[in-house]
Amino acid sequence: MKRIKTSATGGKDQTPNDFFSRVYETTMLIPYGRITSYGAIARYLGSGRSARMVGWALNASHTRSELIPAHRVVNRNGLLTGKHHFGNSSTMQQLLENEGLIVDDDRVVNFREKFWDPSRELKQILVSGKK
DNA sequence: ATTCTGACAGCAA
DNA sequence: TTTGCTGCCAGAA
C-alpha cells in the first residue's frame, strides 16, 4: 500500500478548501470602502467562535499572490487591531481613509455605517443558487 | 507528540 | 463602565 506520498509539493500549499482559503475569499468579497469584523467572517464560515483564526489566516495572507484587502477587517469595535501587521503602523489607517472611511485614534468612526456583514450581504447570493 | 501563541469575542466582576 | 479571564482552533516551535 504505497500511498502516493503528498510531499511532492514540497510540503506546503495545497489545501485549497481549508479555513484559510475561505477567509481569503470572503475577505476579497468585501466591497471597496466597506469593512467587516473578524467575528463576522468567522460566523459566515460557520465557526462563529473562530474569530482568532480569521486573524491568523490574514496574518498569512501575505504569502498569497492575490492582494487581500486585510485592512478592511477590523475587530468588533471597529478598532484597527491589526495595523501593526502592515509594515508601518499607519498603513492600515491610510488605506482605510483612502477608501473614504473615517479613522480616529485607531478606530473606524463610521464603523456601523460602513460595516459589511458577509452572513447578511452574501445571504442573497447563496439563495440565488449561485454557489 | 506536546506546548505555546494569536490581527477576537463574549461574559463575569 | 472598564478590566480581566476564558473559549476557540489551527499553525509554529
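Numbered from 1 within each chain, the chains take letters A, B, ... in sequence-line order.
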Side chain to side chain, A/Leu80 and A/Gln93, heavy atoms closer than 4.5 Å: yes
A/Ser37 side chain near B/dA9 phosphate (N/O to OP1/OP2, under 4.0 Å): yes
Rounded off to whole Å, could you give me the CG-to-P distance for the A/Asn77 and B/dC11 pair? 14 Å
Categorize A/Asn75 for me: base, sugar-phosphate, or nothing, with a 4.0 angstrom heavy-atom threshold over every strand shown. sugar-phosphate
Before accepting this row, confirm whether a basic side-chain N of the pair A/Glu99/A/Lys114 lies closer than 4.0 Å to the acidic partner's carboxylate O. no
Do you know which of A/His85, A/His71, A/His84 makes side chain to side chain contact (heavy atoms under 4.5 Å, CB included) with A/Met92? A/His71
Whole-Å distance, A/Arg43 CZ to B/dC8 P, equals 17 Å
Atom-to-atom span, OH of A/Tyr44 to P of B/dA9 - whole angstrom: 18 Å
Nearest-Å distance, CG (A/Leu58) to P (B/dA7)? 11 Å
Which atom pairs link the protein and nucleotides 7-12 of chain C when you take only N or O atoms and keep those under 3.5 Å?
from: C/dG7; atom 1: O6; to: A/Arg52; atom 2: NH1; distance (Å): 3.0
from: C/dC8; atom 1: O4'; to: A/Arg49; atom 2: O; distance (Å): 3.2
from: C/dC8; atom 1: N3; to: A/Arg52; atom 2: NH1; distance (Å): 3.2
from: C/dG11; atom 1: O4'; to: A/Trp56; atom 2: NE1; distance (Å): 3.4

What are the two closest non-hydrogen atoms of A/Arg72 and A/Leu96, and how far apart are they? CA-CD2, 4.3 Å
Between C1' of B/dA9 and CG of A/Leu79, the distance in whole Å: 13 Å
For residues A/Ala42 and A/Ala51, report the shortest heavy-atom separation together with the two atoms involved. CB-N, 3.7 Å
To check you understand the geometry: which heavy-atom pair defines the closest contact between A/Phe111 and A/Arg76, and what is its length? CE2-O, 3.4 Å
Between B/dA7 atom C1' and A/His84 atom NE2, what is the distance in whole Å? 12 Å
Could you tell me whether A/Ala70 contacts a base, only the sugar-phosphate backbone, or nothing, with contacts defined as non-hydrogen atoms closer than 4.0 Å? base
Starting at atom CG of A/Leu45, determine the distance to atom P of B/dC8, rounded to an integer number of angstrom. 16 Å
